[in-house]
Number of protein chains: 2
Amino acid sequence: MKLRQLHFVHEIVKHDLSITAAAEALFTSQPGISKQLRLLEDELGVPLFERSGKHLTRLTPAGEQIVQIVDRVLLDVDNISRVAKDFSDGNRGVLSLATTHTQARYALPPAVTAFKKQYPDVTLNLHQGSPPQIARMAAEGEADFAIATEALHHFDELVMLPCYHWNRALLLRPGHPLASVSNPGLKDLARYPLITYTFGFTGRSQLDQAFKAQGLQPNVVLTAVDADVIKTYVRLGLGVGIIANMAYSAEEDDDLVAIDAGHLFSRSTTHIGFRRNQFLRDFMVRFIETFAPHLKRDLIEQVIEIREPAERRAFVAEHVGEVPAL
Amino acid sequence: MKLRQLHFVHEIVKHDLSITAAAEALFTSQPGISKQLRLLEDELGVPLFERSGKHLTRLTPAGEQIVQIVDRVLLDVDNISRVAKDFSDGNRGVLSLATTHTQARYALPPAVTAFKKQYPDVTLNLHQGSPPQIARMAAEGEADFAIATEALHHFDELVMLPCYHWNRALLLRPGHPLASVSNPGLKDLARYPLITYTFGFTGRSQLDQAFKAQGLQPNVVLTAVDADVIKTYVRLGLGVGIIANMAYSAEEDDDLVAIDAGHLFSRSTTHIGFRRNQFLRDFMVRFIETFAPHLKRDLIEQVIEIREPAERRAFVAEHVGEVPAL
DNA sequence: CGAATTTACGGGGTCCGTAAGTATG
DNA sequence: CATACTTACGGACCCCGTAAATTCG
């Protein structure tokens with residue numbers, strides 16, 4: 001059994017049982033993988049894949065179990081390298097963040113600036129994507145951290161920690177009727193065309209729930225992934241914008257009126273997620289501490305030990321103190 | 001990084017940092033290991049061992065951490081083979097038991113017989129040793145199971161499950177003064193020379209505690225590892241024997257008088273221990289069920305998941321029902 | 001018939017073991 | 001000075017990549 005063979009198995013599974021795709025991903029030849037797979041199966045004495053003719057159709061029961069262990073092994077092998085790098089070159093490395101537009105544009109810049117100052121030799125890699133993409137990237141180790149407000153709980157492998165709370169703001173053109181209403185309610189809001197985030201982004205689901213809870217049908221005429229696009233169309237007069245309040249800047253957006261909407265919608269919480277069992281290099285822990293100072297190293301190391309997602313959530317609920325607002 | 005290199009590191013550590021000893025254990029040449037170790041250290045960018053001249057003196061801090069992960073990797077690699085064998089040849093394999101004389105001689109034979117009948121193609125390996133030796137063997141994977149009454153709790157890596165309770169019996173020559181005392185107490189016992197187990201064997205510690213609790217100083221004139229030796233000297237008239245009651249046979253020992261001593265000493269519990277994180281082949285789980293029918297597969301698989309020894313004990317205390325007497 | 005895997009084969013690299021060298025206790 | 005690790009070197013084996021054959025959808 002060789003580590004190389006285990007990598008092959010992992011990659012074949014990852015690419016829907018295509019040996020060719022695995023070969024491309026690993027920059028090697030397809031016959032090489034085919035042969036090594038056979039050799040491994042011969043050594044183990046069981047086929048890992050069911051075949052129909054020359055195609056791999058699915059994992060055998062043995063394969064199912066073995067692939068799980070293989071993944072663990074490969075993760076640990078990677079962890080060995082990470083630990084080594086932390087000792088040999090602790091201030092140098094790569095930090096990969098997978099996040100959404102909202103975080104990248106409004107929440108992360110201060111933390112990134114501070115982090116970069118502390119670790120000038122850490123290359124920062126920022127991948128933008130939808131929450132499900134982000135979660136997948138973290139779960140598969142393509143990114144070290146996923147940072148988003150939505151949909152990160154779908155991978156048991158991900159440890160999720162709350163970073164900060166935030167509320168929403170309404171964005172209006174000056175002179176809009178709502179601007180003269182003091183403390184507008186959801187019912188007022190439902191009368192006007194609305195512009196907000198696409199479903200699945202930046203707490204959109206909590207927004208919908210608020211309306212639904214009052215039996216209201218909001219008239220969302222335009223959705224976008226980011227607040228910049230939303231602002232653009234608010235400026236064009238297409239409707240009332242509802243954005244994360246961090247996305248409003250008194251200076252840059254002084255041509256628009258912002259009204260805090262904290263009383264209308266329940267606050268949202270942005271989380272940071274990372275793969276359980278993945279060794280966090282020193283600067284990675286420091287990044288978390290920089291971005292969310294209430295998350296201490298001890299807590300992170302403890303929560304990583306907990307196998308059950310439910311227990312993890314309970315532990316977090318109990319031990320993470322007050323989560324700050326942004 | 002190659003699996004072979006990780007094996008080398010593991011074995012060097014296991015053999016007190018002697019490369020020569022590791023080479024012998026792995027049936028390979030010493031320069032080969034030396035070179036591969038250097039290559040690995042170069043690849044990782046950190047030395048794993050501190051050296052004084054040409055001698056390895058100890059692990060570096062990086063080495064400490066990395067060796068832990070290496071051990072996990074090697075265990076998982078072994079688990080891959082085990083899972084594979086379970087599928088390719090589920091009824092064939094090797095079951096290694098490490099146990100004491102008392103268990104091997106009196107407790108195990110029925111279970112072994114039944115197991116052998118069910119799995120005739122499983123080679124049974126029985127290693128006899130002292131409780132600490134037994135525990136070490138299981139903890140290092142030299143044996144699949146450790147079965148003993150004493151001193152198995154010293155390895156965090158070992159999962160311990162209670163198999164059965166047992167009590168003690170007094171052994172006397174006919175005509176001994178104690179034979180005519182009805183319900184003798186510890187105080188009576190303390191008056192006569194005693195013959196029992198060596199310290200660290202077969203619940204000896206509980207025996208000592210019972211005397212100590214009453215402020216008595218037992219006069220132990222002879223200790224042995226096994227009941228057969230104890231019986232021999234009881235027959236020679238050297239003293240009163242105190243043995244596990246399972247070691248008394250009404251037929252074979254009809255020249256001696258046995259008195260149940262369940263009221264004198266607190267009962268002892270024999271445990272079975274196995275390495276956490278080690279995949280248990282199907283027939284191994286079946287062996288546990290054969291030896292201790294109250295330990296079900298589900299329970300075994302659950303308890304294996306628990307990382308903390310303390311939590312494990314709590315779980316066992318709660319979920320293992322009544323432990324039978326032998 | 002096309003796409004994908006398996007088989008075949010030659011070249012290069014790696015790893016091993018023996019033998020000699022060197023530093024330590 | 002003995003012991004243990006390191007360096008040196010030649011040979012064997014393994015693994016890879018290219019090219020051809022095969023099989024399924």
Side-chain angles (χ1 to χ4, degrees), chain A residues 1-60 62-63 66-67 70 73-74 77 80-81, chain B residues 1-60 62-63 66-67 70 73-74 77 80-81:
Chain A
M1 194 183 313
K2 297 179 206 75
L3 280 179
R4 196 170 171 78
Q5 294 171 328
L6 303 187
H7 269 117
F8 288 167
V9 169
H10 175 83
E11 211 68 14
I12 292 172
V13 172
K14 186 171 165 186
H15 288 88
D16 300 317
L17 309 191
S18 161
I19 294 183
T20 305
E24 281 169 14
L26 294 172
F27 305 103
T28 186
S29 75
Q30 176 272 321
I33 296 199
S34 189
K35 176 152 197 187
Q36 290 304 318
L37 173 59
R38 285 305 177 115
L39 285 174
L40 178 61
E41 290 181 323
D42 288 349
E43 179 182 341
L44 293 178
V46 269
L48 302 179
F49 299 98
E50 288 183 6
R51 293 161 166 84
S52 95
K54 303 211 159 195
H55 288 250
L56 308 185
T57 54
R58 57 175 181 174
L59 283 165
T60 59
I66 288 175
V67 163
V70 167
V73 168
L74 296 179
V77 167
I80 290 174
S81 302
Chain B
M1 194 184 312
K2 298 178 205 77
L3 281 179
R4 196 169 171 78
Q5 294 172 328
L6 303 188
H7 269 116
F8 289 167
V9 169
H10 175 84
E11 211 68 15
I12 292 172
V13 173
K14 187 171 165 186
H15 288 86
D16 300 317
L17 309 191
S18 160
I19 295 183
T20 305
E24 281 169 16
L26 294 172
F27 302 103
T28 185
S29 74
Q30 175 273 321
I33 296 197
S34 189
K35 177 155 199 183
Q36 291 304 319
L37 172 60
R38 285 303 178 117
L39 285 175
L40 178 62
E41 290 181 323
D42 288 349
E43 180 183 339
L44 293 178
V46 270
L48 302 179
F49 300 97
E50 287 183 7
R51 294 162 165 83
S52 96
K54 303 211 162 195
H55 288 250
L56 308 186
T57 53
R58 56 175 180 175
L59 282 164
T60 59
I66 288 175
V67 162
V70 167
V73 168
L74 296 178
V77 166
I80 290 174
S81 302

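Every chain is numbered from 1 and lettered A, B, ... according to where its sequence line falls, protein lines coming before strand lines.
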Student: Who are the side-chain contact (heavy atoms from CB on, under 4.5 Å) partners of S29(A), not counting sequence neighbours?
Tutor: P31(A)
Student: Which two nucleotides bound the region of DNA chain C that has atoms under 4.0 Å from heavy atoms of chain A, read 5' to 3'?
Tutor: dA4(C) to dT7(C)
Student: How bent is the helix from dC1(C)-dG25(D) to dG25(C)-dC1(D), measuring the angle between the end axes built from five pairs each, rounded to 10°?
Tutor: 40°
Student: Which of residues 3-18 of chain A have a heavy atom under 4.0 Å from DNA chain C?
Tutor: S18(A)
Student: Go through L17(A) and T57(A) one step at a time and tell me if the side-chain contact (heavy atoms from CB on, under 4.5 Å) criterion holds.
Tutor: CA-CA 7 Å; L17(A) 309 191; T57(A) 54; 5.8 Å; no
Student: Provide the closest heavy-atom pair for L6(B) versus V70(B) in the form atom of the first, atom of the second, distance.
Tutor: O-CG1, 3.6 Å
Student: Can you check whether G63(B)'s main-chain N or O pairs, donor with acceptor, with T60(B)'s side chain at less than 3.5 Å?
Tutor: yes
Student: Measuring from atom CG of L3(B) to atom NZ of K2(A), what distance do you get when rounded to the nearest 0.5 angstrom?
Tutor: 9.5 Å
Student: Excluding sequence neighbours, so at least two apart, what forms side-chain contact (heavy atoms from CB on, under 4.5 Å) with E24(B)?
Tutor: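 Applying side-chain contact (heavy atoms from CB on, under 4.5 Å) to E24(B) gives T20(B).
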Student: Are any side-chain N or O atoms of E43(B) and backbone N or O atoms of M1(B), one a donor and one an acceptor, separated by less than 3.5 Å?
Tutor: yes
Student: First and last nucleotide of DNA chain D in contact with chain B, 5' to 3', at under 4.0 Å to a heavy atom: what are they?
Tutor: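 So the contact region on DNA chain D extends dA4(D) to dT7(D).
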Student: So which of residues 25-55 of chain B are in contact with DNA chain D, with a heavy-atom cut-off of under 4.0 Å?
Tutor: Q30(B), P31(B), S34(B), R38(B), R51(B), K54(B), H55(B)
Student: Under the salt bridge (charged side-chain N to carboxylate O under 4.0 Å, His left out) rule, what pairs show up with a residue in residues 44-60 of chain B, not counting sequence neighbours?
Tutor: E41(B)-R51(B), E50(B)-R58(B)
Student: How long is the gap from CG on L59(A) to CZ on F49(A), to the nearest 0.5 Å?
Tutor: 5.0 Å
Student: Could you measure the distance from the CG atom of L44(A) to the CD1 atom of I80(B)? Nearest 0.5 Å is fine.
Tutor: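 It is 7.5 Å, given to the nearest 0.5 Å.
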Student: Quick one: side chain to side chain donor-acceptor pair (under 3.5 Å) pairs with a partner in residues 3-16 of chain B, sequence neighbours left out?
Tutor: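 Every side chain to side chain donor-acceptor pair (under 3.5 Å) pair that includes a residue of residues 3-16 of chain B, provided the two are not neighbours, is Q5(B)-Q36(B), H10(B)-D71(B).
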Student: Tell me the closest heavy-atom pair linking L48(B) and I66(B), and the distance in Å.
Tutor: CD2-CD1, 3.8 Å
Student: When rounded to the nearest 0.5 angstrom, what is the spacing between CG in L26(A) and CD1 in I12(A)?
Tutor: 9.0 Å
Student: If you round to the nearest 0.5 Å, how far is CG of L37(B) from CZ of F8(B)?
Tutor: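 Reported to 0.5 Å precision, the distance equals 10.0 Å.
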